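These notes are about the structure you will find just below.
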Amino acid sequence: MEAAILFCGARRTDRCQRVLAAGGYEVTAVRAASGARLQGELAALLRTHRVLLLLGPARDGNPAYGAPVFAALGVPLRDGRPDGVLHLRGNGECGGYLVESATQAVALLPDRPEALEALQPELTLRLKRKFAETDGAD
């Protein structure tokens with residue numbers, strides 16, 4: 001499955017990219033941004049990709065960089081957590097989120113390779129099901 005990666009203050013970029021490639025993702029673009037540049041890079045990648053994987057540090061078991069991403073995507077927060085999006089649980093130690101529209105998906109994932117490996121099966125299954133309906137892929 002084709003996807004773009006946006007590293008948001010991530011430190012383990014090479015290892016995470018290898019985990020995603022081993023999981024079947026064909027990475028077609030890789031960018032890094034944080035702070036004021038994050039929303040611009042997010043918008044640019046969403047113009048050209050239907051699957052966007054954001055990776056960055058986790059705090060309290062969830063992506064620590066989520067607030068500006070959720071704001072840019074129009075996702076409301078309730079008690080500091082995104083409302084109306086899929087919470088990816090993985091192995092329970094470190095989770096992520098999947099924000100979906102009718103034609104695109106944005107996953108917020110930890111930059112911890114071991115946690116990423118645990119989250120990947122749930123994420124991949126969800127994305128394959130979603131995009132099989134729109135393009136006939138397996």
Side-chain angles (χ1 to χ4, degrees):
M1 174 177 307
E2 288 187 1
I5 295 177
L6 178 57
F7 290 111
C8 307
R11 296 183 310 263
R12 300 168 194 96
T13 57
D14 183 56
R15 288 180 55 205
C16 288
Q17 196 166 339
R18 282 188 271 142
V19 168
L20 292 168
Y25 291 93
E26 180 185 339
V27 178
T28 57
V30 177
R31 295 195 185 161
S34 60
R37 290 185 45 232
L38 180 60
Q39 291 185 357
E41 291 292 338
L42 177 66
L45 287 169
L46 284 172
R47 281 192 287 276
T48 58
H49 294 82
R50 66 180 182 172
V51 176
L52 180 52
L53 308 173
L54 282 66
L55 288 101
R59 181 181 8 179
D60 298 327
N62 292 299
Y65 57 92
V69 173
F70 296 132
L73 298 174
V75 175
L77 298 178
R78 182 175 297 169
D79 298 324
R81 303 240 185 232
D83 192 27
V85 302
L86 178 64
H87 185 202
L88 303 166
R89 300 198 190 283
N91 61 7
E93 287 181 29
C94 200
Y97 296 104
L98 181 62
V99 181
E100 299 176 87
S101 72
T103 59
Q104 291 180 299
V106 177
L108 287 77
L109 305 166
D111 71 341
R112 294 178 39 200
E114 65 282 355
L116 192 54
E117 286 175 341
L119 290 169
Q120 199 164 241
E122 181 183 7
L123 173 64
T124 302
L125 179 62
R126 177 72 175 217
L127 292 176
K128 282 185 176 185
R129 285 181 179 163
K130 175 181 185 58
F131 292 115
E133 294 173 5
T134 60
D135 68 2
D138 292 326

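All of these numbers come straight from a predicted model, not from anything done at the bench.
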Working for side chain to side chain contact (heavy atoms under 4.5 Å, CB included), residues E26 and T28: CA-CA 6 Å; E26 180 185 339; T28 57; 4.2 Å; yes
State, with a plain yes or no, whether a side-chain heavy atom of [X] is found less than 4.5 Å away from one of [Y].
| X | Y | result |
| --- | --- | --- |
| P110 | L119 | yes |
| K128 | M1 | yes |
| L86 | V99 | no |
| Q17 | V27 | yes |
| C8 | L38 | yes |

[atom2] on [Y] to [atom1] on [X], rounded to 0.5 Å:
| X | Y | atom1 | atom2 | answer |
| --- | --- | --- | --- | --- |
| R11 | C16 | CZ | SG | 10.0 Å |
| L46 | L73 | CG | CG | 6.5 Å |
| L52 | L45 | CG | CG | 5.5 Å |

List for me each residue that meets side-chain hydrogen bond (donor to acceptor under 3.5 Å, both in side chains) alongside [X], sequence neighbours excluded, and say none if there are none.
| X | answer |
| --- | --- |
| R31 | E41 |
| D14 | R18 |
| T124 | Y25 |
| D83 | R78 |

Residues which pass salt bridge (Lys or Arg N to Asp or Glu O under 4.0 Å) with [X], listed by chain and number, not counting sequence neighbours:
| X | result |
| --- | --- |
| R126 | E100 |
| E117 | none |
| R112 | E93, E114 |

Among residues at least two apart in sequence or on other chains, which ones pass side chain to side chain contact (heavy atoms under 4.5 Å, CB included) with [X]?
| X | result |
| --- | --- |
| S101 | T103, Q104 |
| A32 | F7 |
| A72 | Q39, L42 |
| A107 | L53, L98, L109, L123 |

Kindly indicate, with the supporting measurements, whether the criterion side chain to side chain contact (heavy atoms under 4.5 Å, CB included) is fulfilled by L6 and V106. CA-CA 10 Å; L6 178 57; V106 177; over 6 Å; no
Can you list every pair that meets side chain to side chain donor-acceptor pair (under 3.5 Å) and has a residue in residues 61-74, with sequence neighbours left out?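 Every pair satisfying side chain to side chain donor-acceptor pair (under 3.5 Å) with a residue in residues 61-74: N62-H87.
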